[in-house]
There are 2 protein chains.
Amino acid sequence: MELVNEEASGRPKRLPREVRERQILDAAVSVFSVHGYHAASMDEVSATAGISKPMIYSYLGSKEDLFAACIRRELDRLLVAIADRAKPGLPADQQLWYGVLAFFEFIGANKDSWSVLHRQASEHGGPFAAEHRLLRTRAIELVAALVISAAGRSEHSEIGAAAQRTGESLAAAVVGAGESLADWWLDNPQESARHLAERMMNVVWAGFGNLMDGKVWAPPPEADE
Amino acid sequence: MELVNEEASGRPKRLPREVRERQILDAAVSVFSVHGYHAASMDEVSATAGISKPMIYSYLGSKEDLFAACIRRELDRLLVAIADRAKPGLPADQQLWYGVLAFFEFIGANKDSWSVLHRQASEHGGPFAAEHRLLRTRAIELVAALVISAAGRSEHSEIGAAAQRTGESLAAAVVGAGESLADWWLDNPQESARHLAERMMNVVWAGFGNLMDGKVWAPPPEADE
DNA sequence: CAATAAACTTACTGTCGAGTAGGTACGGCT
DNA sequence: AGCCGTACCTACTCGACAGTAAGTTTATTG
């Protein structure tokens, strides 16, 4: 499990800054994902990267800076992976499908990334929470736009305004379900990405469909306590 | 915001162990929920409880012990709150509705509890993760049982076996959505518990309904890369 | 072949926080 | 009254870890 990068030759080769920075970030993501931000030590990051501690401070700054750099890099990778697959030309359900699929495939191939992005980043009150909320907000907006655009084409077009409002919280639930499903996956890796994505679509798209047809579930009428 | 419990009289009254333990747990839940496990200090817990540090060690043991005690207490409170409302005699959708509603109402009234139970407990590799997984597992089993029982009464009874399997991962998605919605609520407290519960039911119950009618969403046939 | 800059190191400082030693004060009981 | 147990405290130890000072090696370029 030791990720020391130098060859067995023992002599640490001199590498350009760019390469070392990547190695440091790789190590940091791995260490943060295992221990969480607070419990992770810079010494362990430096050991995992096969480098000494002052290099990290020289290249990436403080521990917080390092963590922020991890989040930014992994967030970019995730967003690019999704954007590559959910092309805007497709019908709404297919856009959603490919987006969801790309999401789960990325998580499957980069569980550390997800752990850092979601679990660790949200544990903070600091500037990371903001960064993390950005991801969620973007995702929610994206999904909401898909719902609303789909609702616009529905035969019940008079529900447009209601769908707008309901669509957004529906999107929040959907994104939330995706996040939690991804969390759950970290602990239960037996399922495939495709499977998870299909399950997701089954719940979600059905909910959308009923919404567009104006079928809503209503709580039983009863005296509130 | 200071929760110092003693009166302004200055003299700390002598209280029985039972009472102090409750005060310490209250303080600990509050502090852990704000800072997370690692960043929380025993000094802050003791200050918040209005008591000195050795009392905590004498009554509740180490920091880990204290944290575990918090989780256990809050978990019990949550489960009791739900069991009180989701009576087994009701039809499946109403059981689910009251369970979900009780869940959100509890979270609304005890945001600290949820923060400790979900956010902080899952950040660990240790024995807390196990404790936390127990909550999730129980919830998933409960929901899955509801789905399957509902499916049994559907006119498409031949899908029973398939529903069994699909029902469980559907339940996982539902519980996940609930967890994430609760997380999201911590940051967006403007909605009411009832509202959230209704949104939840709308997505979820629609998904169940379609499942029971055998309507499934299928991905577009295409060459996989 | 200097000389310069960048890659890289060892070995330290200072702080913060978990856990404890060793008490004092207060109430109940005979 | 005087004893005992329990509630409660101040003031410490000790280890872990973020961050740094000050130096050493290597590639490159004039």
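Lettering follows sequence order; numbering is per chain, from 1.
Atom CD of B/E44 and atom P of C/dG19 are 16 Å apart (whole Å). Going from atom CG of B/D65 over to atom P of C/dT20 covers 11 Å, rounded to whole Å. A straight line from CZ of A/R17 to C1' of C/dC8 spans 13 Å, rounded to a whole angstrom. For B/M55 and C/dG19, the CE to C1' distance is 15 Å, given to the nearest whole Å.
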Below 3.5 Å is the cut-off: list the nitrogen or oxygen pairs between protein and nucleotides 17-21 of chain D, distance only.
residue : atom : partner : partner atom : Å
D/dA18  : OP1  : A/A40   : O            : 3.2
D/dA18  : OP1  : A/K63   : NZ           : 3.0
D/dA18  : OP2  : A/M42   : N            : 2.8
D/dG19  : OP2  : A/Y57   : OH           : 3.4
D/dG19  : OP2  : A/K63   : N            : 2.9
D/dG19  : N7   : A/K53   : NZ           : 3.0
D/dG19  : O6   : A/K53   : NZ           : 2.8

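With B/E105 contributing its side chain and B/A193 its backbone, the two residues share no donor-acceptor pair below 3.5 Å. B/S33 places no side-chain N or O within donor-acceptor distance of the main-chain N or O of B/D112, the cut-off being under 3.5 Å.
OP1 or OP2 of D/dA7 lies within a sub-4.0 Å distance of a side-chain N or O belonging to B/Y59. At D/dC8, one or more side-chain N or O atoms of B/R20 fall inside 4.0 Å of OP1 or OP2 (strictly under the cut-off). One finds no side-chain N or O of A/R14 lying less than 4.0 angstrom from the OP1 or OP2 phosphate oxygen of D/dT28.
Between the side chains of A/S62 and A/D65, at least one donor-acceptor pair of N or O atoms lies under 3.5 Å.
Ring pair A/F104/A/W114: centre-to-centre distance not below 6.0 Å.
Shown here are the ring-ring contact (aromatic ring centres under 6.0 Å, His included) partners of A/W185, two or more places apart in sequence or in another chain: there are none. Applying the ring-ring contact (aromatic ring centres under 6.0 Å, His included) test to B/F32 and every residue at least two apart in sequence or in another chain returns B/Y37, B/F67.
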